[in-house]
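In what follows, a structure is listed as structure tokens, so that the remarks can point back to it.
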Amino acid sequence: MTPASPKTLFSVRVHSITDLAEDIRAFELVDPKGRDLAAFAAGAHIDVHIDDGLVRQYSLCNSPQERHRYGIAVLNEPDGRGGSQALCEKVSEGDTLTVSEPRNHFRLVDGADHYLLLAGGIGVTPMMAMIETLESVGADYVMHYCTRAPINTAFLDRLIPLVEQGKVFFHHDGGDPSQGLDIESTLINPVAGTHLYYCGPTGFMSAVAAAADHWPKGTVHFEYFTSPEENRDETLENKPFQVKVASTGDVFDIPADKTIIEVLRGSGLTIDTSCEDGYCATCITRYLEGKPEHRDGVLDDEDRAEFVLICCARSRTPLLVLDL
């Protein structure tokens with residue numbers, strides 16, 4: 001991962017918009033002058049800047065070997081936070097959008113013996129780029145794709161040939177998860193050399209996390225696209241602490257009722273954020289001293305030894321020094 005820093009933003013043109021499934025639209029984004037776009041690896045996402053100051057993250061679902069376009073898929077959620085609805089209902093072919101360079105918190109591990117991909121609903125989007133990469137290197141993989149019904153299943157045209165090859169399996173539950181993929185049985189016996197990747201809605205994520213709890217350390221990889229449900233063994237209490245900005249030496253008091261982001265912004269610092277709920281990693285920041293109290297759903301143990309998401313984290317020590 002990389003620490004928080006000013007991100008490179010640039011304009012793209014909406015080359016095409018395609019309906020993939022019920023309430024799911026694909027947007028093909030290209031450089032307005034026909035130039036190559038910034039390279040990316042499977043699992044990467046971009047920030048998309050939408051009307052009214054909305055910024056949302058969308059996984060890239062096309063092949064990383066393609067430099068002429070970015071493909072994203074958007075589930076229109078009228079009851080969501082407004083970003084998907086704005087994209088699906090206000091953006092047209094030919095429009096210009098501002099996006100960030102790709103960032104990746106869900107990267108494929110090289111050289112695994114086998115890759116097991118579990119996708120729930122729109123969580124299939126990062127898996128599509130993963131499949132392109134795995135196919136290109138001849139890797140051994142299987143994907144289980146869980147949706148309510150065929151009408152809700154995106155990328156059918158790309159996936160049906162892989163279904164016929166026994167590499168992709170559809171699971172339609174009709175709205176009752178108990179009638180879909182048996183996640184517990186699927187994950188009960190991890191095979192040595194296998195790496196698990198999963199992405200989907202909150203309930204799906206919780207079920208997979210519980211079923212994969214016994215898998216070897218470092219073999220389970222995931223990405224949330226909505227805030228994870230709270231599932232803690234301890235009750236966390238907001239206590240005041242201080243934050244020091246390493247570049248200036250300024251020290252700020254963080255009261256119990258405010259976040260690090262709120263205090264730093266109130267003092268005039270500009271820090272990029274999006275979800276402000278600990279799952280998009282836009283605000284990832286390196287810390288130099290102190291012991292953070294991590295409250296995100298993104299960072300693994302290795303990341304947490306060096307980085308913190310300052311939109312939600314607090315501190316277990318009186319002072320937390322940030323590399324800002």
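Not measured: the values here are computed from a predicted model.
Looking at Thr96 and Ser11, their side chains never bring a donor and an acceptor atom within 3.5 Å of each other.
In this structure, His144 and Phe169 have parallel ring planes: the angle between them is below the 30° cut-off, well short of the 60° mark. Using a 30° and 60° split on the angle between ring planes, Tyr70 and Phe40 fall in the perpendicular class, above 60°. Classified by interplanar angle (parallel below 30°, tilted 30° to 60°, perpendicular above 60°), the ring pair His105/His45 is tilted.
Hydrophobic cluster membership differs between Val74 and Ile151, with clusters built from Ile, Leu, Val, Met, Phe, Trp and Tyr side chains linked at under 4.5 angstrom. Under a hydrophobic-cluster definition in which Ile, Leu, Val, Met, Phe, Trp and Tyr are linked whenever side-chain heavy atoms come within less than 4.5 Å, directly or via other members, Met205 and Leu299 are assigned to the same cluster.
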Check your understanding: Yes or no on side-chain contact (heavy atoms from CB on, under 4.5 Å) for Ser315 and Glu293, after CA distance, side-chain angles and deciding distance?
Key -> CA-CA 5 Å; Ser315 182; Glu293 182 179 273; 6.0 Å; no
Practice item. Output, in order, the C-alpha distance, side-chain angles, deciding distance and verdict of side chain to side chain donor-acceptor pair (under 3.5 Å) for Tyr198 and Glu223. Key: CA-CA 7 Å; Tyr198 65 98; Glu223 183 170 68; over 6 Å; no
Review point. Are Phe222 and Cys199 close enough, and set up right, to give a side-chain contact (heavy atoms from CB on, under 4.5 Å), and what steps lead you there?
Key: CA-CA 6 Å; Phe222 56 88; Cys199 182; over 6 Å; no
**Study point:** CA sep, side-chain torsions, deciding dist, call: Glu289, Leu320, side-chain contact (heavy atoms from CB on, under 4.5 Å)
**Key:** CA-CA 6 Å; Glu289 296 179 32; Leu320 189 65; over 6 Å; no
Practice item. Please step through side-chain contact (heavy atoms from CB on, under 4.5 Å) for the pair Leu60 and Ile72, ending with a clear verdict. Key: CA-CA 5 Å; Leu60 296 174; Ile72 62 173; 3.9 Å; yes
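More than 12 non-hydrogen atoms from other residues, nucleotides or ligands lie less than 6.0 angstrom from CZ of Arg69.
No donor-acceptor pair closer than 3.5 Å links the side chain of His172 to the backbone N or O of Thr153.
Asn62 contributes atom CG, which lies 11.5 Å from atom CZ of Arg67 (distance to the nearest 0.5 angstrom).
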